[in-house]
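Let me begin by presenting the structure, written as structure tokens, before commenting on it.
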Amino acid sequence: MKRIILSMAIVFGTCAFAQEKKSDTAKTKNIEGVTITKQVFKKQSDRFVYDVAASPAAKGNTTFDLLKQTPLLSSTDDKTLKIAGKNNALIYINGRKSNMDSESLAQFLKNTPAENIQKIEVITVPGSEYQVESSDGIINIVLKKKMSDGLNGNMRMSNTTNKYNGSQASFSANYRKDKLGVSASLSGGENIEAQTYTLRNGTAKTSNESTGDIDDPNKNIGGYLNIDYQLNDKSNLALSWNTWANKSYNSTVDLFNTIKKTDTEYTWSKNREDARSYNNSVNLNYELKTDSLGSKLNVNAAYLNYRRFQFTDNQTFASDINRNVGARTTQVLQDLPQIINNFSGMVDYNQKFKNDLTVSVGGNYNKTKTDNDSKNITYSFDPLASPDSRPNHFIYDENIYGMYLTVEKKISDKLSGKIGARYEITNSLGTSDNAPTEALKRIERNYNNLLPYLSLNYAINDKNNISYSFSSRMRRPSFWELNPVRNILTEDNYTQNDPFVKASSTYNQELTYMYRNSYFLILNHSYIQDVITQVPLQGYPVSPDGKIGDNPALRYIRTNFGNKQEMSAMVGIQKSFFKQYWTTNFNIGVQHNINNGSLDTDPTTGDRFKNDKGPNGNFITYTNKTNSTSLLIQTNNTIRLDKKKTWFFGVNYFFVDKQQIELGSLKNLMSLDLSLKKMWNDWTFAVNVNDVLNTNIVKIEDFQENGNYNYIHQNRYNRSLIVSLTYNFGNQKVKKVRDIEGASDAIKSRTR
């Protein structure tokens, strides 16, 4: 059920994590007062760096809240993060990508205090050394680490109220003794994700409207354990383990359906789901410093295990205009498990030379097996028919071999650059034991890709900086997108994945200008070939043998859909005024989307769609060749209310203008968030009110020239009140954790 809702919702990116605390001595407090005045936002050769170690924005916040207040970052659905001008934001923690699926990661970050963050790095165009896809950017969160022996940590409790009530709690600790450093965290909570839906679609002669509520209760628990041991002055060994578990039993979908053909029919769709998922990943890292210049060897080995078990009971009942529940007409029972196992290895070597030259070379190997043993049993009660059982054991094996070479050179005091390339070999095989066609029983995909990268950085003087970056990337489909199962919403509406979907290619360019490390201009262009997205096909389905369905249907098909261009121009500021009483980051810009795609056939079943069941009906092609230009505004403000720096008031706002996406025209979104925070010794008390004006509601509308239309209205109850209490304990002397990139980094984003 979550996959149904998430796939029809509009998402703009991904999430993150952290923790830390301040000392309670007067001397250290004075030092913190000076630290706040230092440069907190600056441009380095390939990234923006936001230093939040001493910022009051981190105190009492969750990591997710802090990321939403970071320059260039935003969230429109309170689930995912987006970098300005990018499709998605991948989360790295101390140089390692989290291997949690996106749902678990969002909950994890919302339960994790932000006090432990040293700085946030926003990498808008990642270099060849990063295993990223499409136009993805990277958010790298660098955590604090203890410098002196001892223990520190924090505890956080919070309560969230929107349509329902939810609670969260977390505990984290940081310990150091001589050469051994250990950090650990445990967090969890429970909540009910509520949504109200209106789905309306049809042709010139038919229509189908579904309205109702979706309630998804969740219980979560998870955490991490990081152990770092210094073998000697030149080498370190580190072991990290991340775990997360989710239980979502008795999720409900209750939708009232009005179907208009020659007459009008009324039905109820009542769906019930029990689901649970487990995500465990372990990474072993060895680092060897080979000289005094900073050259080093990194070796990683990792294992990822993701398991999701999902059972759904989808029932349709006859009804009338008064919405009475009548006799049951159909029932579909689905068992949709998914198990992912990934073994990964990665070797990197960075050689630094005395003439400011760095050569990096590395390789990686990923072996992934996805096992989906789904079962689908359909019962028909009107008229009574024998059960239709359709098991489908779909197995997907994938091997990825990658290697890269980058050369980074400081050409002069003002000019520096980096050039590199990745070469990737992908071998994949999907097999199904009960596919409707022979072509679906064995799906083989093999391709090789050379992916170049270039960046130049020119410091005009100490106040002005300009940089340019180019990269090419692939976007492989997520593992769940390849499993050809139906996620049923109503009897005639469902989502359908496509095992034939192929990887898309993306070409990114970015030009950045920065003034005084406070003001910036970013110009971005992305061209995507074979876009992987969700496309609505609707009308009377016609099977390859010519059989026409009785009712008009709507299928959200996950497949390749033409090409797309995205262009954006963004200006912004990150600065403090009035002796740090007011700190603001403000972005404003425009984004221009050019869509060019069409689809007339369900790639999995071969079905086509007619606008009329009769002999004169015409086949329908869904097209999206519409351009749009939209305005984007984001501002985050922290106002200090007292001289002692104990009271803070926050005002955050974003606005996304109407824009054309693959599903149609997305109406404007905006949200006003307010917060009040009080810090007293080691305690922080905070109250947040999100979406005060209740304006962050998704509305998508699409009208086709052939008379088809599609409308989605989704209220996710983003207006909420959050009350939290955070306690920091222990000695807070910290230093930066060494960056460790995990071997299974390339896999995480595809489990979402």
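Just so it is clear, the model here is predicted, and its values are computed rather than measured. We use all heavy atoms of the structure for the numbers below, so side chains are in, but hydrogens, waters and symmetry mates are not.
Remark: D413 CG is loosely packed, at most 12 non-hydrogen atoms of other residues, nucleotides or ligands lying under 6.0 Å away.
Between N637 and Y653, the side chains place no donor N or O within less than 3.5 Å of an acceptor N or O (distance only, hydrogens not considered). In this structure, a donor-acceptor pair under 3.5 Å is present between the side chains of H525 and Q565. Residues N595 and T626 bring no donor and acceptor atom of their side chains to less than 3.5 Å of each other. A donor-acceptor pair shorter than 3.5 Å can be found between the side chains of T646 and K678. Looking only at atom types and distance, the side chain of E510 has a donor-acceptor partner in the side chain of T124 under 3.5 Å away. The closest side-chain donor-acceptor pair between Y50 and E121, if any, does not fall under 3.5 angstrom. Donor-acceptor pairing under 3.5 Å is recorded for the side chains of N350 and S360.
In terms of modelled atom types and a separation under 3.5 Å, the side chain of D673 and the main chain of D691 share a donor-acceptor contact. Side-chain N or O atoms of R640 include one that pairs as donor or acceptor with a backbone N or O of K579 at under 3.5 Å. In this structure, N681 contributes its side chain and W683 its backbone to no donor-acceptor pair below 3.5 Å. In this structure, N718 contributes its side chain and N696 its backbone to a donor-acceptor pair below 3.5 Å. For the pair S158 (side chain) and V723 (backbone), a donor-acceptor distance under 3.5 Å is absent. Although no hydrogens or angles enter the test, the distance criterion places a donor-acceptor pair under 3.5 Å between the side chain of N593 and the main chain of Q660. A side-chain donor-acceptor contact under 3.5 Å links R473 to the backbone of P126. Listed for the T70 side chain is a donor-acceptor partner under 3.5 Å among the backbone atoms of L66. Put simply, the side chain of S518 gets close to the backbone of R516: a donor and an acceptor are under 3.5 Å apart. With K414 contributing its side chain and I460 its backbone, the two residues share a donor-acceptor pair below 3.5 Å.
Under the side chain to side chain contact (heavy atoms under 4.5 Å, CB included) criterion, N668 pairs with F655, D657, sequence neighbours left out. Not counting sequence neighbours, the partners of L405 by the side chain to side chain contact (heavy atoms under 4.5 Å, CB included) test are V359, V361. Listed by chain and number, the residues in a side chain to side chain contact (heavy atoms under 4.5 Å, CB included) with K667 are K658, S665, K699, E701 (sequence neighbours excluded). Residues satisfying the side-chain hydrogen bond (donor to acceptor under 3.5 Å, both in side chains) test with N464, not counting sequence neighbours, are N461, Y513. Annotation: ring pair (Phe, Tyr, Trp, His ring centres under 6.0 Å) contacts of F520 (sequence neighbours excluded): F41. The ring pair (Phe, Tyr, Trp, His ring centres under 6.0 Å) search around W582 returns F577, not counting sequence neighbours.
Of the inter-residue distances, the one linking Q634 atom CD with F586 atom CZ reads 10.0 Å to the nearest 0.5 angstrom. Separation of atoms CG (N563) and CG (N596) is listed at 6.0 Å; rounding is to 0.5 Å. Between L676 atom CG and F685 atom CZ the span is 8.0 Å, to the nearest 0.5 Å. Separation of atoms CG (N140) and NZ (K119) is listed at 8.5 Å; rounding is to 0.5 Å. With values rounded to the nearest 0.5 angstrom, Q580 atom CD is found 14.5 Å from I639 atom CD1. Between the OG1 atom in T358 and the CD atom in E408 there is a gap of 5.5 Å [rounded to 0.5 Å].
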task = Using the side-chain contact (heavy atoms from CB on, under 4.5 Å) rule, take Q509 and Y468 through it: C-alpha gap first, then chi angles, then the decisive distance, then the call.
result = CA-CA 8 Å; Q509 295 186 82; Y468 168 80; 2.7 Å; yes

request  = Run the numbers on N652 and T635 for side-chain contact (heavy atoms from CB on, under 4.5 Å), then give the verdict.
outcome  = CA-CA 6 Å; N652 302 328; T635 179; over 6 Å; no

Stepwise side-chain hydrogen bond (donor to acceptor under 3.5 Å, both in side chains) test for S505 and Q529 = CA-CA 5 Å; S505 300; Q529 291 180 320; 4.5 Å; no

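The two atoms that bring R156 and T726 nearest to each other are CG-OG1, 3.4 Å, heavy atoms only. Looking at every heavy atom in both residues, R719 comes nearest to N162 through O-CB, 3.2 Å. A pairwise comparison of heavy atoms in D348 and G362 identifies OD1-CA, 4.0 Å as the closest pair. Of all the heavy atoms in F648 and T638, the pair that sits closest is CD2-CG2, 3.8 Å. Closest non-hydrogen pair, Y453 versus S128, comes out as CB-OG, 3.2 Å. Taking every heavy atom of both residues into account, S472 and Y507 meet most closely at CB-CD2, 3.7 Å.
Counting heavy atoms from C-beta on, the side chains of H592 and N627 come closer than 4.5 Å.
Under the 4.0 Å criterion applied to side-chain N and carboxylate O atoms, R476 and E424 are assigned as salt-bridge partners.
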